[in-house]
Amino acid sequence: MDEEFTEAVLSVVEQIPPGSVATYGLIAERLGRGGARQVGRVMSLYGQAVPWWRVVRANGTLPAHLMIDAQQYWRDEDTPVRNGHVVVKDALAPGF
DNA sequence: CGTGTGACTGGGC
DNA sequence: GGCCCAGCCACAC
């Protein structure tokens, strides 16, 4: 994985508007390279620098240790949530 | 070069 | 909804 991929991922994440989300897999697709795991890797290393809570798993959840803070952000941004997880189908950012 | 690991996923039950 | 599993791919040992 190189710097270019990393920046491309962070760049896409920064473009996700408040109240909406994108999934690891879709971001990877959008970039046309790497895979969901690679996007996840970038997020684990540099996620703190971007709105990481707008990037969720295909099922609308995140690792347990992030769910706590994410819940707060989602509520603040009025993101479609149901039973503690994002309703991806409804919250998907425009263009995804 | 083989193995294990992980902010992942889709399919099957 | 949950569990299992194979496929995924970069990276550390």
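As the structure is a computational prediction, the values presented were derived from the model and not from experiment. All chains are named by letter (A, B, ...) in the order of the sequence lines, taking the proteins before the strands, and each is independently numbered beginning at 1.
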* Structure fact -> What one should report as the nearest heavy-atom pair of A:N59 and A:T61 is OD1-OG1, 2.8 Å

* Taking every non-hydrogen atom, the tightest pair across A:A8 and A:L31 -> CB-CD2, 3.8 Å

* What's the CG-C1' distance between A:N59 and B:dC8, to the nearest Å? -> 10 Å

* Can you tell me how far P of B:dA7 sits from OH of A:Y73, to the nearest Å? -> 19 Å

* Whether over 12 other heavy atoms sit under 6.0 Å from A:E3 CD -> no

* Name the orientation class of the two ring planes belonging to A:W52 and A:Y73 (parallel below 30°, tilted from 30 to 60°, perpendicular beyond 60°). => perpendicular

* Rounded C1' spacing from C:dC8 to B:dG6 in Å -> 11 Å

* Considering only B:dG10, C:dG1, B:dC8, which nucleotide approaches the side chain of A:R57 most closely? -> B:dC8

* Close residues, residues 14-29 of chain A, relative to DNA chain B [heavy-atom separation under 4.0 Å] -> A:T23, A:Y24, A:G25

* Structure fact -> Per-nucleotide protein contact along nucleotides 6-12 of chain C, 5' to 3', at a 4.0 Å heavy-atom cut-off (B base, S sugar-phosphate only, - neither), is -BBBSS-

* What closest approach, in Å, do A:V12 and A:R30 show between heavy atoms, and which atom pair accounts for it? -> CG2-CG, 4.4 Å

Name the atoms and distances for all side-chain donor-acceptor pairs under 3.5 Å in residues 85-96 of chain A, with sequence neighbours left out.
residue: A:H85; atom: ND1; partner: A:R82; partner atom: O; Å: 2.8

* Do the side chain of A:W74 and the main chain of A:W53 share a donor and acceptor less than 3.5 angstrom apart? -> yes

* Asked: Nearest heavy-atom pair of A:S20 and A:T79: which atoms, and what distance?
  -> N-OG1, 4.5 Å

